[in-house]
**Student:** 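There's a structure below that I have some questions on.
Along the sequence shown, residues are numbered consecutively beginning with 1.
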Amino acid sequence: MNIHGKDIKIFAANASKELAQKIADEMGMPLGKCEVSTFSDGEISVSIQETVRGSDVFVVQSTNAPVNNNLMELLIMIDALKRASAGRITAVMPYYGYARQDRKSRSRDPITAKLVADLITAAGADRVLTMDLHAAQIQGFFNIPLDHLVGMPILAREFVKKEIEDLVVVSPDLGSVTRARNFANYLDAPIAIIDKRRPKANVCEVMNIIGEIKDKNVVIIDDIIDTAGTLCNAANALKERGAKSVRACATHGVLSGPAIQRIKDSAIEELILLDTIQLPEEKHLEKIDVVTVAEVFAEAIKRIYNDQCLSSLFD
C-alpha cells in the first residue's frame, strides 16, 4: 500500500454522482473523467478516461438499491484504478449496503457485511471512508484503515436552527438509545424511548413509550429508514399518546417498498434526511427535506490526503 499519492482525484460511479460533484465543488476541483456503463448482457463496464498513475484517488459510491449493481460498479472501478497504477485508492461509501447483516441471528446465517468488506479489500482499496454504519463493529471487519464519520451533528444543527420549544428526542428502539442521547445532548433536550417488538423482518409493533412526550414537540432520530414501518408506527403512536407534533430525521434514506406512502400518510410533519443516498425524483415529498453531507466528506478527504486528524469532524 502506498502511503500517499502525488495529487488528488475524485471519481464517481452511478449511485453517487450528484454527491460526488458537490464534494468536488466544495474542494474546488473537477470530478474525474470516467464512464460506467453496462454491456447488453448486463455486465458492468468501467472506463477511466484520464491518467491516475501515482494519484491519491477517492471513489464515491453508495451501495444502495440496486445494491448488487452499485457494489459491483465500486469493485470494478477500484480494480480499474489499481491496474492503472493509482498511488492510493480510498472507497468513499456514504452508505454502506449490507451493513444490517452484521451477525448471525439464526443458525446458518451469513455475515454479509464482513463478506462485502473482504470484497472491497480484495478489489484493491487501501482505505474506506463511510458514514453512520448500522453497527459500529463493522469497522473491525476491515483489514485496511476505515474512517467512520457521523451524521448526527449535521442533523442536530438543522434542529438548532429551528429553535423548537418543548423538544423531546425519541429513540425508535432500544438499540438507538446512544444515538438519541448524543443528539439530545447537542440540543439540550430530554429523551424518550420506544420499546417495540419486531415479529419478523420489516414488521414492528410499538409496545410502550418510556419518557414524557405528552404536549411535547418530539423528534425521532434513526440511522436508516428503509420501509419506514418502524418510523411511521412510532410517529403515529407518539401522536396518539399526546405529542404536540412529530418530526423525524435519519442519515440514510433507503425508502424502499411502501416507505413513501407510509411517510405521506403518517403523523410525521417533517422528515430530514442526509444525501448519503441520492433521492430519486419520484420519492420527493413536501414533508421531506434533504441536507447535504458534501462539506463534511470534502473536509475528510482533504484531511486524509494531507495525513491530518479527522476527530474534530465528529463534534
**Student:** Return yes if some donor-acceptor pair links the side-chain N/O of H148 with the main-chain N/O of L133 below 3.5 Å, else return no.
**Tutor:**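 Pair found, side chain donor or acceptor close to backbone of L133.
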**Student:** Under 6.0 Å from the CD atom of E295, do we count more than 12 heavy atoms belonging to anything else shown?
**Tutor:** no
**Student:** To the nearest 0.5 Å, what is the distance between NZ on K17 and CD on Q21?
**Tutor:**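 Output value for this atom pair is 10.5 Å.
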**Student:** Give the cluster check for V92 versus I154: same hydrophobic cluster or not, with ILVMFWY residues linked at side-chain heavy-atom distances below 4.5 Å.
**Tutor:** yes
**Student:** I'd like to check L279 versus H284 (side-chain heavy atoms, cut-off strictly below 4.5 Å). Are they in contact?
**Tutor:** yes
**Student:** Distance check, rounded to the nearest 0.5 Å: I263 atom CD1 versus I268 atom CD1?
**Tutor:**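 It comes to 6.0 Å.
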**Student:** Any non-hydrogen side-chain atom of C249 less than 4.5 Å from a side-chain atom of V219?
**Tutor:**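 Sidechains of V219 and C249: in contact.
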**Student:** Please determine whether the number of non-hydrogen atoms from other residues, nucleotides or ligands lying under 6.0 Å from atom CG of D109 exceeds 12.
**Tutor:** yes
**Student:** Looking at Q137, I'd like to know if its CD atom is crowded, meaning that more than 12 non-hydrogen atoms belonging to other residues, nucleotides or ligands lie closer than 6.0 Å.
**Tutor:** yes
**Student:** What is the distance from atom CZ of F159 to atom CG of L155, rounded to the nearest 0.5 Å?
**Tutor:**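 One gets 7.5 Å once the value is rounded to the nearest 0.5 Å.
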**Student:** For residues A156 and Y186, report the shortest heavy-atom separation together with the two atoms involved.
**Tutor:** CB-CD2, 3.4 Å
**Student:** Are any of the side-chain heavy atoms of D222 and R179 separated by less than 4.5 Å?
**Tutor:** yes
**Student:** Quick one: do L119 and I44 end up in the same hydrophobic cluster if we chain Ile, Leu, Val, Met, Phe, Trp and Tyr together by side-chain heavy atoms under 4.5 Å apart?
**Tutor:** yes
**Student:** Strictly distance-based, threshold 3.5 Å: is any side-chain N or O of E212 a donor or acceptor partner for the main-chain N or O of K214?
**Tutor:**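 Flag set: sc E212 to bb K214 pair under 3.5 Å.
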**Student:** Is the side chain of Q261 donor-acceptor paired with the backbone N or O of P258 at a distance under 3.5 Å, no angle test?
**Tutor:** no
**Student:** When you group the ILVMFWY residues by side-chain heavy-atom contacts below 4.5 Å and let the links chain together, are V293 and I272 in the same group?
**Tutor:** yes
**Student:** Once salt bridge (charged side-chain N to carboxylate O under 4.0 Å, His left out) is applied, what residue pairs with a partner in residues 266-289 remain, sequence neighbours excluded?
**Tutor:** K22-D275, K162-E270, R247-E270
**Student:** How long is the straight-line distance from CE of M131 back to CG of L149, given to the nearest 0.5 Å?
**Tutor:** 5.0 Å
**Student:** For the side chain of R100 and the backbone of H134, is there at least one donor-acceptor N/O pair under 3.5 Å apart?
**Tutor:** no
**Student:** So which atom in G211 and which in A192 form the shortest heavy-atom distance, rounded to 0.1 Å?
**Tutor:** CA-CB, 4.1 Å
**Student:** Between A298 and E26, which heavy-atom pair has the shortest distance, and what is it?
**Tutor:**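 Heavy atoms only, the tightest pair is CB-CB, 3.6 Å.
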**Student:** Nearest 0.5 Å, please: how far is CD1 in I144 from CD1 in I120?
**Tutor:**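 Here the rounded value is 7.5 Å.
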**Student:** With a 4.5 Å heavy-atom cut-off, do D79 and V46 have their side chains touching?
**Tutor:** no
**Student:** What is the distance from atom CG of L231 to atom CG of D226, rounded to the nearest 0.5 Å?
**Tutor:**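 That separation rounds to 11.5 Å.
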**Student:** Hydrophobic clusters here meaning ILVMFWY residues chained together by side-chain heavy-atom distances under 4.5 Å, can you tell me if L146 and M93 are in one?
**Tutor:** yes
**Student:** Will you find, in the side chains of T121 and D118, an N or O donor that is under 3.5 Å from an N or O acceptor?
**Tutor:** no
**Student:** Is a donor on one side and an acceptor on the other found under 3.5 Å between the side chain of R303 and the backbone of C309?
**Tutor:**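 Yes; judged by distance alone, with no hydrogens or angles, the pair exists.
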**Student:** Check whether any side-chain heavy atom of L238 lies under 4.5 Å from a side-chain heavy atom of I194, and answer yes or no.
**Tutor:**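 In short, these two side chains touch, coming nearer than 4.5 Å.
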**Student:** Using modelled atom types and a 3.5 Å cut-off, is there a donor and acceptor pairing between side-chain atoms of Q49 and backbone atoms of K33?
**Tutor:**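 Checked: no pair found.
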**Student:** Compare every heavy atom of A12 with every heavy atom of L31, then report the nearest pair and how far apart it is.
**Tutor:**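 Nearest heavy atoms, L31 then A12: CD2-CB, 4.3 Å.
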**Student:** With side chains defined as the heavy atoms from C-beta onward, is the minimum distance between N236 and S266 less than 4.5 Å?
**Tutor:** yes
**Student:** Mind listing the closest non-hydrogen atom pair of A113 and Y96 along with its distance?
**Tutor:** O-OH, 2.8 Å
**Student:** Counting N and O atoms only, with roles assigned by atom type, does the side chain of K239 sit under 3.5 Å from a partner on the main chain of K244, one being a donor and the other an acceptor?
**Tutor:**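 Judged by distance alone, yes, a pair lies under 3.5 Å.
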**Student:** Report all side-chain donor-acceptor pairs from residues 58-78 shorter than 3.5 Å, counting only partners two or more places apart or in another chain.
**Tutor:**
unit_1, atom_1, unit_2, atom_2, d
Q61, OE1, A15, N, 3.0
Q61, NE2, N70, O, 3.0
Q61, NE2, E73, OE1, 3.1
S62, OG, Y95, N, 3.1
S62, OG, T276, O, 2.6
T63, OG1, Y95, O, 3.4
T63, OG1, G97, N, 2.6
N68, OD1, Y98, OH, 2.5
N70, ND2, N64, O, 2.8
N70, ND2, P66, O, 3.4
E73, OE1, N14, N, 3.1
E73, OE2, N14, ND2, 3.1

**Student:** Measure across D7 and S55 and return the closest heavy-atom pair with its distance rounded to 0.1 Å.
**Tutor:** OD1-OG, 2.5 Å
**Student:** Please say whether more than 12 non-hydrogen atoms of neighbouring residues, nucleotides or ligands are located less than 6.0 Å from CD in E18.
**Tutor:** no
**Student:** Look at the side chain of K9 and the backbone N and O of T51, then say whether any donor-acceptor pair between them is shorter than 3.5 Å.
**Tutor:** yes
**Student:** Would the distance check show the side chain of D166 and the main-chain N or O of N217 forming a donor-acceptor pair, the cut-off being under 3.5 Å?
**Tutor:** no
**Student:** Less than 4.5 Å apart, side chain to side chain, heavy atoms only: is that true for L255 and I277?
**Tutor:** no
**Student:** Tell me if a side-chain donor or acceptor on D132 pairs with a main-chain N or O of G151 at a distance below 3.5 Å.
**Tutor:**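 Looks like yes, one N/O pair under 3.5 Å.
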**Student:** In terms of hydrophobic clusters joined by side-chain contacts under 4.5 Å, are I89 and I48 together?
**Tutor:**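 Result: yes, single cluster for both.
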**Student:** For residues L115 and P110, determine if any side-chain heavy atom of one lies less than 4.5 Å from a side-chain heavy atom of the other.
**Tutor:** no
